[in-house]
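No experiment lies behind these values; they were computed from the predicted model shown. First listed ligand is number 1; within each ligand, the first listed atom is number 1.
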Amino acid sequence: MSNLLEALEQVKKQLALTPEELQRISKRFRQAMADGLSGKPSSLKMLPSYLGQPSGTETGRFLALDFGGTNVRVLLTELAGDGSISVLQRASKPLKNPAGAYDYTSKEADGLQLFDFIASIIKEVVPPEGTYPLGHTFSYPINQTGLNSGTLIYWTKEIETRNVAGQEITQLLQEALIRNGLPQVQPQVILNDTVGTLLTAAYKDQTVDIGSICGTGHNTAYLEETAPQTNKPMIINMESGNFDQLPFTAYDDLLDSHSDIPGNGRLEKMVSGRYIGEVLRLILWDLLGKGLLTNSPDKEKLNTPYCLGGEDTAVFAGDTTAEHSTITHWLESKLGIHGAQPEDVQVIHSCAQLVAVRSARLVAATYLGIFEHIDPELKKPHTIAIDGSVYEKMPGFPEAMDTAFAQVLGLKAKQVSTVLSKDGSGLGAAIATAIAVKN
Ligand code: BGC
């Protein structure tokens, strides 16, 4: 075996997770849930949403604002009361202009500018007449004190916009709406994207009791039967991307040490679209010293942090052809790396697959931890609604989760399933608004 293939075997050993390891992670996760719920120190924040499951009969016309890691989307929606939602109008803009005209995620921008930008997108959608209740999906950890109030604990996904952390988010939005001449827009509720995803899928299917995002960021919410705040059923935003009792590799530690907030978001940094390309790059950079790309004069280009993203990882993992010509082409056109040999592209493909499968299995282990908490015997069927580019576009991702469930649960795995809830995070804001208005 060549040195390079031997090095690949070492990487495999580090990234592979046996069924026993998955079980160990799920048990630690379950314990962290219990600790977080009872107020003990835990990497899981277990934040209240003040929302329960929808009945599916909610009706009305609502604005939904979806503020995620990459785009701001605004939808004018109509809930029909029969599980269906129609989108009447929509507008969307990236938080960071691809041509460099603006970047509301950087240190140069502040909260006022960011929320004025959001208000300008709402303006594109909202009619001048009438009043419009709005639900706000805000995909970051907030200390929620009620349906419509919460302060940002800290930014995640490497966002650095000034003067937002520690602030009351609904107030920032409300002030921006007034500044921008939009008094007819009335924020009613703020929710996490995982909560929105759960609500959207549960609006149609009552077996959905877990909502999750596997996209730029990662997190999961679930329906807690007896929430500590109310002793009633409530959806809890776990901020599970912050879970930290995991088998870290040297690559994970290196990535973490160079990130905005070292020590935070350790699971997210192993599994989400914002980071997996960087995990892959660190592995490939290490393999350069062990024979990868020796005939490529431009291989040093791999020394640029974050030059590989989640999309590149998906392309590399998905090129299963014998020649891996897509990988060769991608290396040349996107990264300017020429001269890759058949063994190089084979190794790059394998590493991308290992990173992708590890991501799916780690996330699956956290879902297993939730089942242990809500229904250890799996007496009922449970559907996990998932939104996000990694679940949707990473080749083999849902299948790798199913394999993990089957390995740990055996025959009982038939009680659990995952389903794509496309745009569920944003649409959920409309459902949450319907619930809030009714209350
Ligand atoms: C945030 C979560 C969010 C997740 C998915 C994480 O970085 O902390 O609040 O749900 O990304 O968008």
Residue Thr156 vicinity, atoms of ligand 1 by number, heavy atom under 4.0 Å
1 (C), 6 (C), 7 (O), 8 (O)

Closest non-hydrogen atom pair between Leu147 and Ser49, with its separation:
CD2-O, 4.0 Å

Are the side chain of Ser425 and the backbone of Gly196 linked by a donor-acceptor contact shorter than 3.5 Å?
no

Just jot down the ligand 1 atoms closer than 4.0 angstrom to any heavy atom of Ile213, in number order.
5 (C), 12 (O)

Have Glu158 and Tyr275 got a donor and an acceptor in their side chains that come within less than 3.5 Å?
yes

For the residue pair Trp155 and Tyr140, categorise the inter-ring angle as parallel (less than 30°), tilted (30 to 60°) or perpendicular (more than 60°).
perpendicular

Among all protein non-hydrogen atoms, which one is nearest to atom 4 (C) of ligand 1, and what is the separation to 0.1 Å?
Asn219 CB, 3.6 Å

Tell me the protein heavy atom at minimum distance from atom 10 (O) of ligand 1, and give that distance in Å.
Asp193 OD1, 2.5 Å

Answer with side chain, backbone, both or neither: which part of Asn192 has a heavy atom less than 4.0 angstrom from an atom of ligand 1?
side chain

For the pair Phe117 and Tyr102, name the ring-plane relationship: parallel under 30°, tilted 30 to 60°, perpendicular over 60°.
tilted

Please state which protein non-hydrogen atom is closest to atom 6 (C) of ligand 1 and give its distance, to 0.1 Å?
Glu268 OE1, 3.0 Å

So, using side chain to side chain contact (heavy atoms under 4.5 Å, CB included) as the criterion, who are the partners of Ala221 when residues are at least two apart?
Thr194, Val195, Ile235

So which protein heavy atom does atom 8 (O) of ligand 1 come closest to, and at what separation?
Glu239 OE1, 2.7 Å

So Phe67 and Phe115, would you call those rings parallel, tilted or perpendicular, with 30° and 60° as cut-offs?
tilted

Can Pro141 be said to touch ligand 1, with heavy atoms closer than 4.0 Å?
yes

Counting only heavy atoms, tell me which of Lys157, Arg274, Lys45, Met238 gets closest to atom 11 (O) of ligand 1.
Lys157

